[in-house]
Amino acid sequence: MATIRLTNSKTRRKEDFVPLDPAMLRIYVCGPTVYDRAHIGNARPVVVFDTLFRLLRHVYGRDGVTYVRNFTDVDDKINARAADTGRPIRDITDETIGWFHDDMDALGALRPTHEPRATEYIGAMIAMIESLIAKGHAYAAEGHVLFRVRSYRDYGALSGRSVDDMIAGARVEVAPFKEDPMDFVLWKPSEASLPGWESPWGRGRPGWHIECSAMSYELLGESFDIHGGGLDLQFPHHENEIAQSCCAHPHGGFAKIWMHNEMLQVEGRKMSKSLGNFFTVRDLLEQGWPGEVIRMVYLMTHYRSPMDWTAEKARQAEATLRKWRALVAGAGQGSPAPAVVAALADDLNTPGAIAELHELAKAGDGAGLKASAALLGLLEDHMGDWTGANVDLSPWAGRLADLRAAAMATKDFAPVDALKAALLAAGVEVRMSKAGVELVPGPGFDPAKLDAIG
RNA sequence: GGCGGGUUGGCGGAGAGGUUACGCAGCGGAUUGCAAAUCCGUGAAGACCGGUUCGAUUCCGGUACCCGCCUCCA
């Protein structure tokens, strides 16, 4: 069995992965707040941890991994969206979850084992908050409940900061009912116009961090193997999750390994609406980039490095996938190449794995390439329609071959070149050799333009 | 201000204290009616300054620059 090594944010080291229970691995990843379409930054952890999920399933068995990714469906951004549009909150969150599934399916991401919605775990959150109060780790004040940061000695360990350091330069909300400026909200009151649930502290709603602590406990227990998410969540979200979970369940270890993916840029710049380089996954799909190509662009960069989305990378990924798909068509059953598994097992080195896929392609090992690529969620049968390989070009090939044969005799190549140019314009790659004429869909292949040739 | 990460050939992007990364692009050749595709061959790197070492792009320290988090954020 391959030894998997992962960089643990908690220890800042690459460690051998030793499951708590080899019969059932448990992994939790922070999912989206569902108020709008997922942007391409949201999709990076989805693809990264989907690839980890695939690797773990390969090594520990298809049914040996429980993967939880939540939906945050109670949040002030959602409330604001409801207020702006007059739509019921549940309509907004249901619709957004549907979009999320559509978009992530398009990227070839497997559905996690569980996708809990925060609103379905309010009772568990209230119970956890009560437990924290009972243990002296939290206190109620003016309808709020706050976590007492000073009560948890290790607060700040994950992100490498002390409470005092944080206070020094922090922009923290100053609230008169806080014992300490760094104390954070577990529960807050809701006025009548906002969603709320009855609680021992009055009608209110949970703070952001408590949901992940409650849901991971309910679905995975007080100790589990891996907790993942974007690097931006390391502080304060994950720090607060640790504080809540470890104080509520002092005998559990919470997450053994923390993994954080780096952020994403677009053409070398931070993605932002003001720079006009803000894309949703749906935008890219509508621009014509196949989901598989988008996925490959993500995997071309190691998850712990900042990733840059560029059209050039997408173009390159498309060309590579097109080449590989032609090689893999009709290939038999294979098994993943050890070198590919080894690259992935080495802290999810997807660029290294892709380099190994190039080696398999160079060696002409279609079966091995297909089986290996599946570990990265690439070259799967249901993802390949975009290549146009299913379009029958043989009538065109026949016409071109006839024209060419005639031209060989007359030495007038103009008619051949005219048809060739038209085919090229439709994105068809034209290969003519002594053996005959071969037509293959190329970049920008557009069957509609073929019909226009007549 | 506090914490953390990065700087590799024209571009993208990895590993390894000493031996070709890999891909794209380029160049030369084969092939082709012209091309394309394919095949063969080929040049090109490690921000800067020190240190450790027989030997560092790889380890350590410093400098410069870039980036992220500390505020909703993946």
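Letters go in sequence order (proteins before strands), and every chain restarts at 1.
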Proximal nucleotide (of [options]) relative to the [X] side chain:
X	options	value
A:Arg315	B:C24, B:A74, B:G33	B:C24
A:Arg431	B:G23, B:C72, B:A37	B:A37
A:Arg161	B:A74, B:C70, B:G23	B:C70
A:Lys420	B:C34, B:G33, B:G23	B:C34
A:Arg404	B:U32, B:G23, B:A74	B:U32
A:Arg12	B:G4, B:C73, B:A74	B:G4
A:Asp417	B:G33, B:C24, B:A36	B:G33
A:Val416	B:G33, B:A37, B:C72	B:G33

Taking only the [atom1] atom of each, what is the distance from [N] to [M] in whole angstrom?
N	M	atom1	value
B:G43	B:G61	P	36 Å
B:C39	B:G46	P	30 Å
B:A64	B:U71	P	27 Å
B:A47	B:G6	P	13 Å
B:G4	B:C40	P	49 Å
B:C48	B:U57	P	10 Å
B:U38	B:G23	P	12 Å
B:A36	B:G29	P	14 Å

Is the distance from OP1 or OP2 of [N] to the nearest side-chain N or O of [X] less than 4.0 Å?
X	N	value
A:Lys411	B:G33	no
A:Lys313	B:G13	yes
A:Lys362	B:G23	yes
A:Lys270	B:C69	yes

Check [Y] with [X], please: is the shortest side-chain N to carboxylate O separation under 4.0 Å?
X	Y	result
A:Glu312	A:Arg315	yes
A:Lys14	A:Asp346	yes
A:Arg304	A:Asp347	yes
A:Asp308	A:Lys313	no
A:Arg295	A:Asp50	yes
A:Asp180	A:Arg148	no

Under a 3.5 Å cut-off for both contacts, is [N] paired Watson-Crick or G-U wobble with anything, and if yes, with which nucleotide?
N	value
B:C34	none
B:U58	none
B:C3	B:G68
B:C39	B:G29
B:G23	B:C11
B:U63	B:A47

When the distance from [atom1] of [X] to [atom2] of [N] is rounded to whole Å, what number comes out?
X	N	atom1	atom2	answer
A:Gln265	B:G5	CD	P	18 Å
A:Glu429	B:U38	CD	C1'	10 Å
A:Asp50	B:A74	CG	C1'	15 Å
A:Glu262	B:U7	CD	P	12 Å
A:Glu312	B:G12	CD	P	10 Å
A:His209	B:C73	NE2	P	7 Å
A:Phe235	B:C73	CZ	P	12 Å
A:Leu360	B:G23	CG	C1'	14 Å

Is the shortest heavy-atom distance from the side chain of A:Trp258 to the side chain of A:Gln234 under 4.5 Å?
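Not in contact.
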
Would you tabulate the pairs of protein nitrogen or oxygen atoms and nucleotide nitrogen or oxygen atoms of nucleotides 14-21 of chain B closer than 3.5 angstrom?
{"from": "B:A14", "atom 1": "OP1", "to": "A:His302", "atom 2": "N", "distance (Å)": "2.9"}
{"from": "B:A14", "atom 1": "O2'", "to": "A:Asn349", "atom 2": "ND2", "distance (Å)": "3.1"}

Scan [X] against the nucleic acid and name what it touches under 4.0 Å (heavy atoms): base, sugar-phosphate only, or nothing.
X	result
A:Gln316	base
A:Gly160	sugar-phosphate
A:Val440	nothing
A:Ile354	nothing

Compare every heavy atom of A:Ala373 with every heavy atom of A:Leu357, then report the nearest pair and how far apart it is.
CD2-N, 3.9 Å

Suppose we call a contact any N or O donor and acceptor under 3.5 Å apart; does that hold for the side chain of A:His39 and the base of B:A74?
yes

Any donor-acceptor pair under 3.5 Å between the side chain of A:Asp308 and the base of B:G12?
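Not at all, since no donor on one side and acceptor on the other fall under 3.5 Å apart.
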
Working to the nearest 0.5 Å, report the span between CD of A:Glu318 and CE of A:Met296.
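Nearest 0.5 Å value for the CD-CE distance: 11.5 Å.
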
Taking A:His227 as the fixed residue, which of A:His237, A:His238, A:His260 is the one that meets the ring pair (Phe, Tyr, Trp, His ring centres under 6.0 Å) rule?
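So, applying the ring pair (Phe, Tyr, Trp, His ring centres under 6.0 Å) to A:His227 and each of A:His237, A:His238, A:His260, only A:His238 qualifies.
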
With nearest nucleotide decided by heavy atoms, which residue, A:Gly31 or A:Phe413, maps closer to the 5′ end of RNA chain B?
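The residue mapped nearer the 5' terminus is A:Phe413.
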
Using heavy atoms to find the nearest nucleotide of RNA chain B for A:Tyr35 and A:Pro236 separately, return the residue whose nucleotide is more 5′.
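Looking at the nearest nucleotide for each, A:Pro236 comes out on the 5' side.
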
Within 45 degrees of the axis of the six-membered ring of A:Phe235 and under 6.0 Å from its centre: does A:Arg161 put its NZ or CZ there?
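Geometry flag: set, cation within 6.0 Å and 45°.
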
